[in-house]
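The structure appears right after this line, and notes come after that.
Heavy atoms only: backbone and side chains are in, while hydrogens, waters and symmetry mates are out. If you're wondering where the values come from, they're calculated on a predicted model, not measured in any experiment.
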Amino acid sequence: TSPIAVVPNGVDLDRTFSRIRVAEMRDGVASPPPAVVFIGRIHPKKGLDLLLDAWGECRAIRAGARLLLAGYGERSHVRWLENRLAGSRDDSVEFLGPVTGEKKLEMLVGSLALVLPSLSENYGMVVAEALACGTPVITTTGTPWKVLRDEGCGWWVRPEVEELSGALKELFGMGHQERTRKGEAGRLVVEREHSLVRSAEMIERAYLWALGKGNRPPWIDTCELS
């Protein structure tokens with residue numbers, strides 16, 4: 001019955017993900033084959049089996065694109081992924097292992113899209129980071145990113161092979177300008193709702209309300225006993 005403040009994680013738009021830095025990185029990227037990237041924990045709940053099946057469904061349309069998988073996980077889960085890739089003999093898919101820091105940022109900036117096919121996710125920080133890079137995102141209704149569909153900056157689909165492959169096919173069917181518009185829409189979402197400054201303001205207003213120094217902010221849920 002206690003009030004709960006729901007505040008997004010903040011993305012550093014002043015330094016790590018500043019518009020200038022992201023633009024400079026994008027201008028400095030060579031022209032490797034286009035890639036779709038997954039960055040996250042290697043775990044069954046992340047839906048990688050669905051993603052790999054969906055990727056196979058797009059074979060006729062992806063025209064040289066690569067799928068890059070980056071992350072860490074328990075050895076048994078990593079072994080499953082390595083065995084799955086070895087068995088598929090699809091050289092368009094590559095598992096990179098953990099990727100962090102500058103390399104992670106380069107992957108997000110230089111990709112066609114981030115895909116996070118999770119069955120369940122309480123936030124998905126990498127989604128906000130990709131949007132801050134102006135990179136469209138494909139994720140599922142198991143994540144709280146309905147805004148991707150509402151604001152036209154990505155795809156929010158059911159965690160099913162057919163839905164994921166449909167989103168990928170739409171991505172591959174887009175021209176550069178349309179992908180750029182989606183990316184810019186995502187950047188604006190982060191600037192409005194997921195910056196460090198915005199998160200700090202929301203926390204501050206929550207504490208002021210708790211101290212009786214302001215009205216209850218709309219991001220604080222209160223439950224009444226029946």
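- With sequence neighbours excluded, the residues satisfying salt bridge (charged side-chain N to carboxylate O under 4.0 Å, His left out) with D12 are R15.
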Could you list the donor-acceptor pairs under 3.5 angstrom formed between side-chain atoms of residues 183-193 and any protein atom two or more places apart in sequence or on another chain?
| unit_1 | atom_1 | unit_2 | atom_2 | d |
| --- | --- | --- | --- | --- |
| E184 | OE1 | R19 | NH1 | 3.3 |
| E184 | OE2 | R19 | NH2 | 2.9 |
| R187 | NE | E191 | OE2 | 2.9 |
| R187 | NH1 | F17 | O | 2.5 |
| R187 | NH1 | A132 | O | 2.7 |
| R187 | NH2 | F17 | O | 3.2 |
| E191 | OE2 | R19 | NE | 2.8 |
| E191 | OE2 | R19 | NH2 | 3.2 |

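- For I20, the side chain to side chain contact (heavy atoms under 4.5 Å, CB included) test picks out S18, E24, with sequence neighbours left out.
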Below 3.5 Å, can you tabulate the donor-acceptor pairs from side chains in residues 198-207 to any protein atom, sequence neighbours excluded?
| unit_1 | atom_1 | unit_2 | atom_2 | d |
| --- | --- | --- | --- | --- |
| S199 | OG | P8 | O | 2.8 |
| S199 | OG | S195 | O | 3.2 |

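- Side-chain contact between V93 and L52: present, with at least one pair of heavy atoms (C-beta onward) separated by less than 4.5 Å.
- Panel note: side chain R41, backbone E74; no donor-acceptor pair is recorded below 3.5 Å.
- Open room surrounds NZ on K103; 12 or fewer heavy atoms of other groups in view lie less than 6.0 Å from it.
- Side chains of L51 and V161 form no contact here, defined as non-hydrogen atoms less than 4.5 Å apart.
- By the side chain to side chain contact (heavy atoms under 4.5 Å, CB included) test, T100 pairs with no residue at all, sequence neighbours left out.
- When the shell of 6.0 Å around CD of E162 is examined, it contains 12 or fewer heavy atoms from other residues, nucleotides or ligands.
- Taking every heavy atom of both residues into account, C58 and K169 meet most closely at SG-CG, 3.8 Å.
- A donor-acceptor pair is defined here as one N or O able to donate and one able to accept, closer than 3.5 Å; no such pair exists between the side chain of W219 and the backbone of V7.
- Counting only distance, with no hydrogens or angles, the side chain of R149 and the backbone of W156 share no donor-acceptor pair below 3.5 Å.
- With sequence neighbours left out, Q177 forms a side chain to side chain contact (heavy atoms under 4.5 Å, CB included) with R181.
- Checked against side chain to side chain donor-acceptor pair (under 3.5 Å), N215 has no partners two or more places apart in sequence or in another chain.
- Residues passing the side chain to side chain contact (heavy atoms under 4.5 Å, CB included) test with S118 are K46, L116, E121, T143, sequence neighbours excluded.
- Considering only residues two or more places apart in sequence or on other chains, E163 meets the side chain to side chain donor-acceptor pair (under 3.5 Å) condition with R158.
- In this view, E170 and W155 satisfy the side chain to side chain donor-acceptor pair (under 3.5 Å) rule, not counting sequence neighbours.
- No option in I61, V115, V36 other than V36 meets the side chain to side chain contact (heavy atoms under 4.5 Å, CB included) test with L171.
- Residue pairs meeting the ring pair (Phe, Tyr, Trp, His ring centres under 6.0 Å) criterion with at least one partner in residues 70-104, sequence neighbours excluded, are H43-H77.
- Residues passing the side chain to side chain donor-acceptor pair (under 3.5 Å) test with S92, sequence neighbours excluded: W55, R62, D90.
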